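Everything numeric in this text was worked out from a predicted model, so none of it was measured.
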Amino acid sequence: MLEQIRTIDKSRLLRSIGSLDRAPMRRVDAAIAVSLGLRGTAGVMTLCGRCARTFRNDGGYEVTRVDPGQRSGESCAYCGSRPGFDYFVEKGAGTP
Ligand SMILES: [Zn+2]
């Protein structure tokens, strides 16, 4: 429930109940960034390099990698034909 983030003292934590793998943790980080206003109204999309360039150059979107260290990704959500990485996709300045 990333829309209800709150901080508590570590001493109140009784035990660890688990951890997340790298891929879902990237999505958590992205959701936190959006929730805290660090990323405007960005969406997170898995894009291949070609589709990321199309969004950036032709669509006027700001497209930045969620995790530059991401080594493997899922299929591109736009073309569906090439593997991609997770990107923040935001309307660029001056884009209606
Ligand atoms: Zn693509």
Side-chain angles (χ1 to χ4, degrees):
M1 295 177 43
L2 295 173
E3 74 282 6
Q4 297 181 11
I5 296 171
R6 57 188 288 208
T7 57
I8 61 170
D9 192 294
K10 283 182 187 173
S11 67
R12 294 181 59 196
L13 300 175
L14 303 177
R15 63 185 173 86
S16 170
I17 59 170
S19 62
L20 291 174
D21 292 334
R22 190 172 169 83
M25 199 60 225
R26 275 195 301 272
R27 295 183 192 281
V28 169
D29 289 343
I32 290 171
V34 172
S35 181
L36 296 178
L38 302 175
R39 274 290 169 176
T41 56
V44 174
M45 290 181 73
T46 301
L47 295 172
C48 68
R50 184 179 300 178
C51 290
R53 279 191 299 279
T54 299
F55 269 80
R56 185 179 295 121
N57 298 334
D58 301 337
Y61 286 87
E62 186 175 323
V63 181
T64 52
R65 291 274 297 269
V66 170
D67 175 8
Q70 183 181 10
R71 295 287 173 245
S72 63
E74 301 167 7
S75 293
C76 175
Y78 198 67
C79 68
S81 63
R82 292 177 289 272
F85 298 113
D86 295 336
Y87 288 88
F88 289 110
V89 180
E90 305 175 75
K91 293 221 181 239
T95 303

- Give a yes or no on whether Arg82 atom CZ has more than 12 heavy-atom contacts from other residues, nucleotides or ligands under 6.0 Å away. yes
- Message: I need the Asp67 CG to Tyr87 OH distance, nearest 0.5 Å.
- Response: 11.5 Å
- Task: To the nearest 0.5 angstrom, please state how far the CE atom of Met25 sits from the OG atom of Ser19.
- Result: 10.0 Å
- All side-chain hydrogen bond (donor to acceptor under 3.5 Å, both in side chains) counterparts of Asp58, not counting sequence neighbours: none
- Nearest-0.5 Å distance that lies between atom CZ in Arg65 and atom CD in Gln70: 5.5 Å
- Message: As a quick check of understanding, evaluate side-chain contact (heavy atoms from CB on, under 4.5 Å) for Ser81 and Cys76, giving each step before the final call.
- Response: CA-CA 7 Å; Ser81 63; Cys76 175; over 6 Å; no
- Message: Are the side chains of Phe85 and Thr46 in contact, using a 4.5 Å heavy-atom criterion?
- Response: no
- Crowded around Asp21 CG? As in, over 12 foreign heavy atoms under 6.0 Å? no
- Start with the C-alpha distance between Glu62 and Arg56, add both sets of side-chain angles, then the distance that settles side-chain contact (heavy atoms from CB on, under 4.5 Å), and finish with yes or no. CA-CA 6 Å; Glu62 186 175 323; Arg56 185 179 295 121; over 6 Å; no
- Item | Atom pair SG/CZ of Cys48 and Arg53 - distance to nearest 0.5 Å | 8.0 Å
- Who are the side-chain contact (heavy atoms from CB on, under 4.5 Å) partners of Phe55, not counting sequence neighbours? Met45, Leu47, Tyr61, Val63, Tyr78, Val89
